[in-house]
Novice: 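Okay, here's the structure, questions in a sec.
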Amino acid sequence: MSKKSAPVLLRVLFVDQKNDFVSQLAEHFAGEMFPSLYETYSAGPEKDIVDCEMISAMYQNGEDIRRNVSKDFKDRDYLRADEQYDFVIYMEKATFDEWAPRTPWKGRQILAPMRTRKEYTATDDAELYDDYVKSIEEVKAWISANMDDPEKLKALVTA
């Protein structure tokens, strides 16, 4: 009887400027929805703390990301030391515009811009929660629609 080898997972890095918001959501949802297809990571050119309001909104909606950590591109405690990713998905256009031309990931980069906190129009806590939920739903829907088949990601490569 031969030993079955584990399937080779595609490595995906989700990026936003400080790895504190939508890239965290994308890493979480891709890992939850498609664990047999992808090895998921997230980072940014900078690191900060993961958005506490987002963590709370996620938790209130049954998703626990309280242990997530913000990482920059150089973080070797959480990222691949070889920097080899099959796809690098930028969740913010400004970060893509600045970083896509200067990274080693040419030919594997995807722009998938999501709402930013700057676009929120909340005037109170209830509206702020609603804005977070909209962002959560937007990211989850993109992951669901585009990552169920790796061929879809290949078709989305923009740089």
Side-chain angles (χ1 to χ4, degrees), residues 9-80 85-100 103 105 108-150 152-153 155-159:
L9 302 178
L10 293 172
R11 297 170 309 273
V12 178
L13 176 65
F14 295 97
V15 175
D16 67 27
Q17 187 64 32
K18 295 185 179 182
N19 187 226
D20 63 340
F21 189 44
V22 289
S23 61
Q24 294 282 340
L25 295 173
E27 177 185 15
H28 171 78
F29 286 125
E32 289 287 314
M33 288 186 219
F34 305 109
S36 63
L37 291 176
Y38 303 104
E39 188 178 306
T40 59
Y41 302 87
S42 69
E46 305 169 40
K47 64 180 173 182
D48 200 347
I49 60 169
V50 179
D51 186 300
C52 295
E53 298 286 344
M54 178 192 66
I55 291 171
S56 178
M58 285 283 283
Y59 195 74
Q60 291 176 58
N61 284 279
E63 302 287 346
D64 190 355
I65 61 168
R66 292 177 294 172
R67 294 189 183 274
N68 285 30
V69 176
S70 177
K71 290 104 31 208
D72 63 27
F73 290 147
K74 297 176 186 163
D75 192 320
R76 293 299 163 250
D77 291 333
Y78 296 97
L79 299 175
R80 297 184 58 82
Y85 299 99
D86 295 294
F87 298 101
V88 177
I89 303 173
Y90 291 84
M91 311 302 287
E92 297 172 332
K93 184 169 180 358
T95 305
F96 174 83
D97 289 346
E98 180 181 350
W99 286 90
T103 69
W105 307 309
R108 296 173 281 165
Q109 299 177 102
I110 296 169
L111 174 60
M114 301 291 149
R115 285 171 32 127
T116 66
R117 284 181 297 259
K118 292 176 186 171
E119 297 173 67
Y120 286 9
T121 58
T123 58
D124 62 29
D125 288 344
E127 289 177 1
L128 181 61
Y129 172 80
D130 290 342
D131 275 334
Y132 275 103
V133 169
K134 286 177 189 170
S135 289
I136 291 165
E137 290 171 349
E138 177 185 36
V139 173
K140 188 174 184 178
W142 190 93
I143 296 295
S144 179
N146 293 291
M147 295 191 71
D148 61 331
D149 179 357
K152 288 181 183 177
L153 288 182
L156 295 174
V157 169
T158 51

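The analysis underlying the following values was restricted to heavy atoms, covering all of them including side chains, and did not include hydrogens, waters or symmetry mates. For this chain, numbers begin at 1 and follow the sequence in order.
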Novice: How would you list, by chain and number, every residue that makes a side chain to side chain contact (heavy atoms under 4.5 Å, CB included) with T121, sequence neighbours excluded?
Specialist: D131

Novice: Drop me the distance from M114's CE to E92's CD, to the nearest 0.5 angstrom.
Specialist: 11.0 Å

Novice: Among residues at least two apart in sequence or on other chains, which ones pass side chain to side chain contact (heavy atoms under 4.5 Å, CB included) with R76?
Specialist: L79, A81, E83

Novice: Partners of F29 by ring pair (Phe, Tyr, Trp, His ring centres under 6.0 Å), sequence neighbours excluded?
Specialist: none

Novice: Which residue pairs pass the salt bridge (charged side-chain N to carboxylate O under 4.0 Å, His left out) test with at least one member in residues 27-41, sequence neighbours excluded?
Specialist: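 Those involving residues 27-41 are E27-K71, E39-R80.
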
Novice: Could you tell me whether the side chain of D86 and the main chain of R11 form a donor-acceptor pair under 3.5 Å?
Specialist: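 Side chain of D86 to backbone of R11: a pair is present.
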
Novice: Please list all pairs meeting ring pair (Phe, Tyr, Trp, His ring centres under 6.0 Å) that have one or both residues in residues 122-147, counting only residues at least two apart or in different chains.
Specialist: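 Those involving residues 122-147 are F21-Y132, Y120-Y132.
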
Novice: With a cut-off of 6.0 Å (strictly less than), are more than 12 heavy atoms of other residues, nucleotides or ligands near CG of D125?
Specialist: no

Novice: At what distance, to the nearest 0.5 angstrom, does CG of L10 lie from CZ of R108?
Specialist: 11.5 Å

Novice: With sequence neighbours excluded, what pairs up with K152 under the salt bridge (Lys or Arg N to Asp or Glu O under 4.0 Å) test?
Specialist: D148

Novice: To the nearest 0.5 Å, what is the distance between CD (Q17) and OG1 (T116)?
Specialist: 12.0 Å

Novice: Please name all residues satisfying side-chain hydrogen bond (donor to acceptor under 3.5 Å, both in side chains) with E53, sequence neighbours left out, ordered by chain then number.
Specialist: none

Novice: Within this structure, what is the CZ-CD distance for the pair R115 and E137, rounded to the nearest 0.5 Å?
Specialist: 10.0 Å

Novice: Looking at residues at least two apart in the chain, or sitting in another chain, which of them share a salt bridge (Lys or Arg N to Asp or Glu O under 4.0 Å) with D64?
Specialist: R66

Novice: Between S42 and N19, is any side-chain donor less than 3.5 angstrom from a side-chain acceptor?
Specialist: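 Yes - a donor-acceptor pair under 3.5 Å links their side chains.
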
Novice: Using the test side chain to side chain contact (heavy atoms under 4.5 Å, CB included), find all partners of D97 that sit at least two apart in sequence or belong to another chain.
Specialist: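 Side chain to side chain contact (heavy atoms under 4.5 Å, CB included) list for D97, sorted by chain: K93.
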
Novice: Using side chain to side chain contact (heavy atoms under 4.5 Å, CB included) as the criterion, list what pairs up with T103, not counting sequence neighbours.
Specialist: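 So T103 forms a side chain to side chain contact (heavy atoms under 4.5 Å, CB included) with Y90, W99, W105, Q109.
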
Novice: Just jot down the ring pair (Phe, Tyr, Trp, His ring centres under 6.0 Å) partners of F14, sequence neighbours excluded, or say none.
Specialist: none

Novice: Run the ring pair (Phe, Tyr, Trp, His ring centres under 6.0 Å) test against Y38 and tell me which residues pass, sequence neighbours left out.
Specialist: none

